[in-house]
Structures are given as C-alpha cells and as structure tokens.
There are 2 protein chains.
Amino acid sequence: MEQIEVFKALSNKTRLQILAWLKEPEKFFPDYKFANEPECLGVCVGHIQQKAGLTQSTVSEYLAILQRAGLVTATRSGQWTYYKRNEETFALLSNLIASDL
Amino acid sequence: MEQIEVFKALSNKTRLQILAWLKEPEKFFPDYKFANEPECLGVCVGHIQQKAGLTQSTVSEYLAILQRAGLVTATRSGQWTYYKRNEETFALLSNLIASDL
DNA sequence: AATATATATCGACTTTTTCCGATATTCCTA
DNA sequence: TAGGAATATCGGAAAAAGTCGATATATATT
C-alpha cells in the first residue's frame with residue numbers, strides 16, 4: 001500500500017462520496033442487485049457516474065485512482081466494469097494510522 | 001476534524017516525514033531536550049527546517065497546514081514556536097477510517 | 001461484419017499545490 | 001529603542017490535479 005497514493009485518493013470530495021456509496025450499494029443504487037450474494041461484483045461505472053453528476057471520463061478516472069490506491073477492486077464482466085470496496089485496505093490504513101504514522 | 005483537510009495534509013512526503021520525526025523527537029533531533037517531561041512543548045521550526053532541507057518559509061507553511069488539520073499543535077514561547085503531534089486526531093482518524101469511511 | 005453500448009484513454013484548459021525568495025511580524029537583548 | 005533572531009506571510013513560477021469533450025477500445029447483438 002502506497003501511503004501517499006492512498007491519502008491523495010482520499011483527498012477529494014467526490015471520491016470519498018463514491019466510497020461511501022459503495023459501502024451500502026443497496027441503499028444508494030436502486031438498480032443494484034445481488035448486494036448480499038457472494039458472487040456480487042460491485043457497482044458498474046455508469047451507475048456511479050449518474051449519481052456523481054460528473055462526466056463519464058472523470059468518474060472513470062476517479063475509479064482508476066481509487067483502484068490504484070487499493071481502495072477498490074474492479075471486475076470486468078461483459079461490457080461492464082464493476083467496482084467494489086477493498087475493505088482490507090481500509091483496515092490496513094486504520095491500523096497504520098493508529099500505530100505507524 | 002475536517003476529513004479532506006486531514007487527508008490533504010497527509011498527501012505530502014515531507015509533511016509525513018515531519019510527523020514521523022515528531023513522533024520520536026529525541027531520536028531525530030539531537031538538540032532536543034525535555035522529551036519525556038510533561039512541560040515538553042515540542043520541536044521548534046528551525047530544527048524541523050534543518051532536517052527537512054527545505055526553506056524556512058516552506059516548512060513554516062507545512063507546519064501551518066498540519067496545524068490547521070489538527071495533526072499538530074503549536075505553542076509559542078519566546079521567539080520560538082514549538083510543534084508537537086496531536087495524538088487525539090490520529091486516534092480519531094484511525095477510528096473514522098475503521099468505521100465511518 | 002456492422003452497429004450499439006460501456007468503459008478507458010487522450011488532449012486541453014483551469015484550479016490547486018509545491019516550493020521559493022523577499023518582506024513583515026514578534027520577541028529578545030544590548 | 002535599535003538590532004538581531006525566529007517565525008509568519010506574501011507573491012510568484014512550476015508542477016500536479018480536476019474536469020471536460022472527443023476519441024479509442026472492448027464486448028454484445030444483429
């Protein structure tokens with residue numbers, strides 16, 4: 001985990017918002033299915049984009065930033081890319097701040 | 001605590017370094033005294049600046065950023081301003097990431 | 001193969017951040 | 001009260017990030 005990359009990724013309102021949405025997809029994405037099923041892949045870019053109200057390119061870029069920071073994972077399935085939170089990184093970050101930072 | 005302000009403050013190599021130095025002042029600042037005494041005020045700007053190898057103005061500004069984020073506190077005493085970590089904010093941030101983010 | 005849909009990447013422009021030198025402020029001491 | 005030392009603030013140049021529209025790529029459908 002690249003500390004600084006993670007902090008930079010978290011230094012943006014929209015990206016924080018996206019992470020919050022992805023924490024409770026069934027709450028924030030009406031069309032979201034399979035939230036509680038193991039095969040759940042996440043939320044696709046289009047839905048996130050609509051909710052964010054920014055252009056497709058911007059949201060795609062933001063998701064790439066979050067992914068490079070390890071905060072989300074991406075799964076391509078058909079024409080869609082599904083993003084979901086990577087809770088492991090959040091846990092690592094929390095511990096890092098509590099003890100190493 | 002302003003989330004984004006904190007994350008922005010942590011998105012810089014030098015500032016992270018300063019926080020690390022302030023965690024163990026007796027280790028990183030040879031001239032540092034009173035480390036384990038209650039009246040310890042912190043480390044003054046000049047020492048931090050020397051170690052950082054950046055200009056006085058830049059380091060002063062960085063310390064102000066850390067202070068506004070609540071990550072350090074400043075105490076003026078005579079012509080010196082002493083900075084030290086505000087562990088409370090680190091703890092809050094760690095918890096926030098663990099549960100709310 | 002042609003077209004449509006979802007996403008990613010590119011190029012450009014604007015805003016923010018980084019970092020500097022110069023100057024101002026504050027406080028100490030002669 | 002004048003000068004010196006420590007720190008803060010200001011103004012600017014360069015680099016990075018934010019954001020867009022246009023285009024490219026990948027996949028699905030006909």
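In the text below, chain A, chain B and the rest are named by the order of the sequence lines, each starting its count at 1. Just the heavy atoms: all of them, side chains too, but no hydrogens, waters or symmetry mates, feed the values below.
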Contacts of B:Ser94 meeting side chain to side chain donor-acceptor pair (under 3.5 Å) (sequence neighbours excluded), chain-then-number -> A:Ser94
Please indicate whether B:Glu88 has more than 12 foreign heavy atoms, meaning atoms of other residues, nucleotides or ligands, lying under 6.0 Å from its CD. no
- Message: Any side-chain N or O of B:Asn12 below 4.0 angstrom from OP1/OP2 of C:dT18?
- Response: yes
Rounded to whole Å, CZ of B:Arg68 lies from C1' of D:dA8 at a distance of 11 Å
B:Leu10 atom CG is separated from C:dT18 atom P, nearest whole Å, by 12 Å
Tell me, yes or no, whether the heavy-atom count around B:Glu2 atom CD, taken from other residues, nucleotides or ligands under 6.0 Å, exceeds 12. no
Here the gap from B:Glu24 atom CD to B:Phe29 atom CZ, rounded to the nearest 0.5 Å, amounts to 11.0 Å
Quick tally for nucleotides 20-30 of chain C: nucleotides whose base has a protein heavy atom under 4.0 Å get B, sugar-phosphate-only ones S, the rest -, giving BBB----SS--
From NE2 of A:His47 across to C1' of C:dA6 the rounded distance in Å is 11 Å
Considering only heavy side-chain atoms of B:Arg15, the closest of D:dT9, C:dT7, C:dT18 is C:dT18
Practice problem: Examine C:dT17: is either OP1 or OP2 under 4.0 Å from a nitrogen or oxygen in the side chain of B:Ser11? Give yes or no. | Solution: no
Whole-Å distance, A:Ile4 CD1 to D:dA15 P, equals 19 Å
Would you call the rings of B:Trp21 and B:Phe28 parallel, tilted or perpendicular, where under 30° means parallel and over 60° means perpendicular? tilted
Rounded to whole Å, the CD1-P distance (A:Ile65 to C:dA8) equals 13 Å
Output for pair (B:Leu19 CG, B:Arg85 CZ), nearest 0.5 Å, gives 6.0 Å
Say whether B:Thr55 and B:Thr58, considering side chains only, have a donor N or O and an acceptor N or O under 3.5 Å apart. yes
Here the distance between atom C1' of D:dA6 and atom OH of B:Tyr83, to the nearest Å, is 11 Å
B:Ile18 CD1 to C:dT18 C1', in whole Å, measures 13 Å
* Asked: If you look at every strand shown and take non-hydrogen atoms under 4.0 Å, does B:Tyr82 touch a base, only sugar-phosphate, or nothing?
  -> nothing
Rounded to whole Å, the NZ-C1' distance (B:Lys13 to C:dC19) equals 16 Å
Of B:Leu63 and A:Lys8, the one whose nearest nucleotide on DNA chain D sits closer to the 5' end is B:Leu63
